[in-house]
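We use all heavy atoms of the structure for the numbers below, so side chains are in, but hydrogens, waters and symmetry mates are not. Convention: sequence-line order gives letters A, B, ...; per-chain numbering from 1.
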Amino acid sequence: MGAGTPRRYAGRVRRYFTPRCIGMHVTLLILLPVFVWLTAWQFERATHGNTLSWAYTFEWPLFAAYAIYVWWQLIHDEPTVLQRRRLAARAGDAPPGPEDEVGWALHAKGDRPDPLGPLEAPDAPGPDAPVDEEDEDPELAAYNRYLAELNAGPDPRKW
Amino acid sequence: MNDAAETPKDPLHGALLRYRVMTYIVGSALIILVCVGVPLQFWAHFDLVAKVEGTIHGYLYLVYLFTAADLARRAHWRIGRMLAVVLSGFVPFLAFVVEHRVVMQMNEERAQLLADLDDGPAESTDRTSASPPAG
């Protein structure tokens, strides 16, 4: 916590509002009421003498639980570094490697670096790289990994 | 799956096997339901098969879904593949097609991953292989 908190907070919140995540939120918000309604419907049939409906009365809540589980899993799934690079390469804009970092003046107007400056040196080790300093504060190390993750660009996955 | 035996230690092997086994069970159960249970119910007015088989299929489908979600989590699946797998549990005959594609694609991805890891150190941009300076 400290000076880095607002930026970290913004980054954490933003990840829930990518088009990909919003699509998942909407899907879940449609599915859950449907599953609840189906549960209620089967429960009503079961209490009116349809014994088989008891099986479905307990099954629909399980489907709802599954939907929540998959929603949570897909939102919090991070592509591996290799996946990230391959996806970016396929999309035609590889994440900047050290050799891509030409001087400021050479950048086209459109892709000028963030005026706030890079959050970290461009050739900073990726999130999976081993940490050199052994006596590094674990919280700081985690934060640095998080910054490197942000610096690597947005999640290149479309869906 | 032939090449999987030659390359060492696929960490996804168990999860993939569980998913494949459940695919064949659920896919077969669905085909029996559609080809035997439903015709009997509609034309012979004998609905016992459809009811029992349908219920069994429903719960097997849940088990199948969880094996698929486990595999998806381990292999970082995209949503599209997850949707195809969820759909294939209740669209007759789709399960076998999707399973075949999933296995082929995952083998491809694994080969690609191994290739990427192999030529990693030679590539200066590979951030995963960044090693601490010698000395």
Side-chain angles (χ1 to χ4, degrees), chain A residues 20-21 23-24 27 31 42 50-56 58-63 65-67 69-87 89 94-101 122-134 148 151-152 157-159, chain B residues 11-12 47-86 89-90 108-120 123-135:
Chain A
R20 181 176 180 271
C21 281
M24 284 191 279
T27 309
L31 283 181
Q42 290 293 340
N50 188 344
T51 315
L52 196 64
S53 282
W54 283 116
Y56 295 110
F58 292 103
E59 190 167 3
W60 283 113
L62 289 172
F63 282 128
Y66 181 78
Y69 170 62
V70 170
W71 167 76
W72 181 264
Q73 175 179 299
L74 285 170
I75 284 180
H76 292 92
D77 176 54
E78 296 286 342
T80 62
V81 174
L82 282 171
Q83 275 180 324
R84 199 177 263 267
R85 242 184 328 142
R86 208 175 306 134
L87 282 164
E99 78 278 14
D100 296 323
E101 288 298 316
D123 56 347
D128 291 352
V131 179
D132 293 348
E133 295 110 290
E134 280 161 21
N151 210 26
R157 287 176 302 188
K158 297 295 176 220
W159 296 97
Chain B
L12 296 173
D47 59 359
L48 185 70
V49 176
K51 281 185 166 176
V52 173
E53 168 71 15
T55 313
I56 291 172
H57 171 262
Y59 277 91
L60 284 175
Y61 178 54
L62 262 174
V63 177
Y64 162 80
L65 283 181
F66 275 97
T67 60
D70 178 53
L71 181 59
R73 179 180 60 83
R74 291 166 193 260
H76 301 274
W77 278 8
R78 296 182 311 127
I79 293 178
R81 191 181 293 171
M82 193 70 217
L83 280 181
V85 163
V86 167
F90 56 86
E108 256 171 46
E109 284 162 10
R110 176 165 154 73
Q112 185 65 48
L113 182 78
L114 289 173
D116 277 7
L117 286 175
D118 275 351
D119 55 35
E123 205 183 327
S124 62
T125 55
D126 192 342
R127 295 156 123 196
T128 56
S129 65
S131 49

Using modelled atom types only, decide if a donor and an acceptor are shared between the side chain of B:Y59 and the backbone of A:A55 within a distance under 3.5 Å. yes

Sorted by chain and number, sequence neighbours left out, side-chain hydrogen bond (donor to acceptor under 3.5 Å, both in side chains) with B:D70 holds for B:R18, B:R73, B:R74

By a 4.5 Å heavy-atom criterion (distance strictly below it), what part of A:Y69 contacts chain B: side chain, backbone, both, or neither? side chain

Max heavy-atom pair count under 4.5 Å with chain A, selected residue of B:L65, B:V52, B:L62: B:L65

Segment of A:Q73 engaging chain B (4.5 angstrom heavy-atom cut-off): side chain

Less than 4.0 Å between a side-chain N and a carboxylate O, is that true for B:E109 and B:R78? no

Is A:L52 in contact with chain B via its backbone, its side chain, both, or neither, using a 4.5 Å heavy-atom distance? side chain

Is the A:F63-A:W60 ring centre distance short of 6.0 angstrom? yes

Does any backbone or side-chain atom of B:Y61 lie under 4.5 Å from a heavy atom of chain A? Answer side chain, backbone, both or neither. side chain

Any side-chain to backbone donor/acceptor pair from B:H57 onto B:F90? Under 3.5 Å, distance only. no

